[in-house]
Amino acid sequence: MTSAEIATGLYSAKKRHMDRPVIQLRQAKPTLEEGLAFARYLDEASEAFFRFMLGSRAEQIIATAFVEPDHDLAYQNVTFAERDNIIVGMTSGYSAEQHRRSSSRPLQQAAVKSNLRMRLVLILFAPLMRIIDSIADGDFYLLAIAVDEQLRGEGIGSVLMDAFEARARENGSTRLCLDVSARNESARRFYERRGMAIESRWPKYLPIPGLKFYRMVKTL
Ligand SMILES: CC(C)(COP(=O)(O)OP(=O)(O)OC[C@H]1O[C@@H](n2cnc3c(N)ncnc32)[C@H](O)[C@@H]1OP(=O)(O)O)[C@@H](O)C(=O)NCCC(=O)NCCS
């Protein structure tokens, strides 16, 4: 499948059992409604980090930034999975080069009143953010993947991962990479079954109880 097929909604995948509904993938549109859906999945995949950083208005703030182009949280980086025309999952990610060109301004402008809180959290977590921000040349970074809780285990995540990998190859990237919390064992197993391996464990020099991540990679 190609990203052009995803963008036009032409790609659809029958799940393992033929009697199950078809999953269709499509690129996100720059609307607040889709931004709110993205924000909910992002919060789930990041274990509520964005809510912690932006406060109770996190979903509205992320949705406002989402409609602006050319930054990490922009609609251009998001693929939705749909079943019967209802969004049931999403992936978001970008290449190292796109990440380097990305600006934090759309999020800062959207945050307005929560901007101070966001800056404080980013200062507090600066050593960790530096690790998340370090994407090697040639890598394609999976920022988030999530599927509606009641539909997990039905193959939707696999369809989304296959499409994400196809996007990375098409972009000319040579590796997939992502960060996963050590607590999230089911997601780590999901990635391992799809050929990803742990490259490093972090933070190395700043042990914070309960805060441990794996950087996982897959050569394409
Ligand atoms: C990780 C995630 C996206 C996977 O999506 P999914 O649609 O469940 O993925 P699939 O159905 O394709 O595969 C899940 C695997 O677990 C198995 N599984 C069985 N029951 C399951 C259940 N209730 N929930 C999840 N997985 C289940 C599946 O059979 C499958 O096994 P396989 O890899 O051997 O094929 C999804 O679990 C999720 O949204 N998790 C919460 C958000 C998250 O943690 N994101 C990752 C952050 S780094």
Side-chain angles (χ1 to χ4, degrees), residues 1 6 11-26 28 34 36-53 58-59 62 66 72-73 77-94 99 125 128-129 131-135 139-168 175-203 208 210-218:
M1 105 205 55
I6 294 168
Y11 175 74
S12 62
K14 282 265 176 207
K15 290 200 247 123
R16 280 174 284 229
H17 303 291
M18 297 301 282
D19 54 335
R20 282 190 183 162
V22 173
I23 298 299
Q24 279 203 296
L25 302 185
R26 67 165 174 85
E34 298 214 344
L36 288 171
F38 165 67
R40 280 192 291 274
Y41 289 120
L42 183 65
D43 201 51
E44 173 95 42
S46 68
E47 297 185 1
F49 177 75
F50 283 86
R51 219 176 321 152
F52 171 66
M53 178 167 76
E59 285 183 5
I62 290 167
F66 168 89
D72 286 351
L73 304 182
N77 300 331
V78 175
T79 300
F80 283 124
E82 284 187 332
R83 204 172 80 167
D84 299 329
N85 296 318
I86 293 168
I87 295 174
V88 292
M90 77 100 204
T91 50
S92 168
Y94 34 75
H99 179 62
F125 283 81
L128 304 186
M129 298 315 287
I131 299 170
I132 294 176
D133 268 348
S134 62
I135 304 174
D139 279 6
F140 206 80
Y141 185 75
L142 179 73
L143 173 69
I145 179 170
V147 168
D148 286 356
E149 197 171 355
Q150 68 279 14
L151 296 176
R152 288 180 197 157
E154 293 191 16
I156 299 170
S158 300
V159 171
L160 279 163
M161 271 309 273
D162 288 350
F164 190 77
E165 194 173 316
R167 219 181 106 202
R175 290 199 321 177
L176 278 188
C177 87
L178 59 88
D179 293 295
V180 59
S181 157
R183 279 197 302 248
N184 197 346
E185 282 182 30
S186 61
R188 179 166 50 82
R189 279 198 304 272
F190 169 81
Y191 297 134
E192 280 170 346
R193 282 194 293 270
R194 276 144 198 91
M196 307 216 49
I198 295 174
E199 183 190 54
S200 57
R201 292 162 170 76
W202 61 274
I208 304 172
L211 208 64
K212 197 169 131 204
F213 295 87
Y214 299 125
R215 168 75 45 117
M216 299 186 81
V217 298
K218 175 179 178 178

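Both counts, for ligands and for their atoms, begin at 1 and track the order of listing. Excluded from the calculations below are hydrogen atoms, water molecules and symmetry mates; all remaining heavy atoms, backbone and side chain alike, are included. For the single chain, residues carry numbers from 1 onward in sequence order.
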Subject >> Polar proximity ligand 1 side, Val147 side, N/O cut 3.5 Å exclusive >> reply: yes

**OP:** Report the part of Arg193 in contact with ligand 1, treating N, CA, C, O as backbone and CB onward as side chain, heavy atoms under 4.0 Å; options are side chain, backbone, both, neither.
**Re:** side chain

Subject >> Pick from Gly153, Gly155, Ser158: the one approaching atom 18 (N) of ligand 1 most closely through a non-hydrogen atom >> reply: Gly153

Subject >> Salt-bridge present (Lys218, Glu192; N to O < 4.0 Å) >> reply: no

Subject >> Sub-4.0 Å heavy-atom contact, Tyr41 with ligand 1 >> reply: no

**OP:** Please tell me if the side chains of Asp139 and Leu176 come closer than 4.5 Å, counting only heavy atoms from C-beta onward.
**Re:** no

Subject >> ligand 1 versus Glu154: contacting region, heavy-atom distance under 4.0 Å >> reply: backbone

Original post:
Hey, does Leu178 have a side-chain heavy atom less than 4.5 Å from the side chain of Tyr191?
Top reply: yes

**OP:** Answer yes when Glu44 and Arg51 have at least one side-chain N-carboxylate O distance shorter than 4.0 Å, and no when they do not.
**Re:** no

Original post:
Below 3.5 angstrom, do we get any N/O pair linking Phe190 and ligand 1?
Top reply: no

Subject >> pair Met90-Glu82: side-chain heavy atoms closer than 4.5 Å >> reply: no

**OP:** Applying side chain to side chain contact (heavy atoms under 4.5 Å, CB included), name anything that partners Ala28, two or more places apart in sequence or on another chain.
**Re:** Glu34, Phe66, Tyr75, Val78, Phe80

**OP:** Select one of side chain, backbone, both or neither to describe which atoms of Tyr191 lie under 4.0 Å from any atom of ligand 1, heavy atoms only.
**Re:** side chain

Original post:
Should Glu44 be counted as touching ligand 1, given the test is an N or O pair under 3.5 Å?
Top reply: no

Subject >> Sub-3.5 Å N/O-N/O distance, Leu151 and ligand 1 >> reply: no

Original post:
Are Leu142 and Met216 close enough that some pair of their side-chain heavy atoms sits under 4.5 Å apart?
Top reply: no

Original post:
Which bit of Asn184 gets closer than 4.0 Å to ligand 1, counting heavy atoms only: side chain, backbone, both or neither?
Top reply: side chain

**OP:** Consider ligand 1: state whether an atom of it lies below 4.0 angstrom from any non-hydrogen atom of Ser186.
**Re:** no

Original post:
With a 4.5 Å limit on heavy-atom distance, are the side chains of Met161 and Ile145 in contact?
Top reply: yes

Subject >> Close approach of Arg189 to ligand 1, heavy atoms, under 4.0 angstrom >> reply: no

Original post:
Counting each atom of ligand 1 from 1 as listed, which ones have a heavy atom of Ala146 under 4.0 Å away?
Top reply: 39 (O)

Original post:
Checking Arg152 side chain against Val147 main chain: does a donor-acceptor pair fall under 3.5 Å?
Top reply: yes

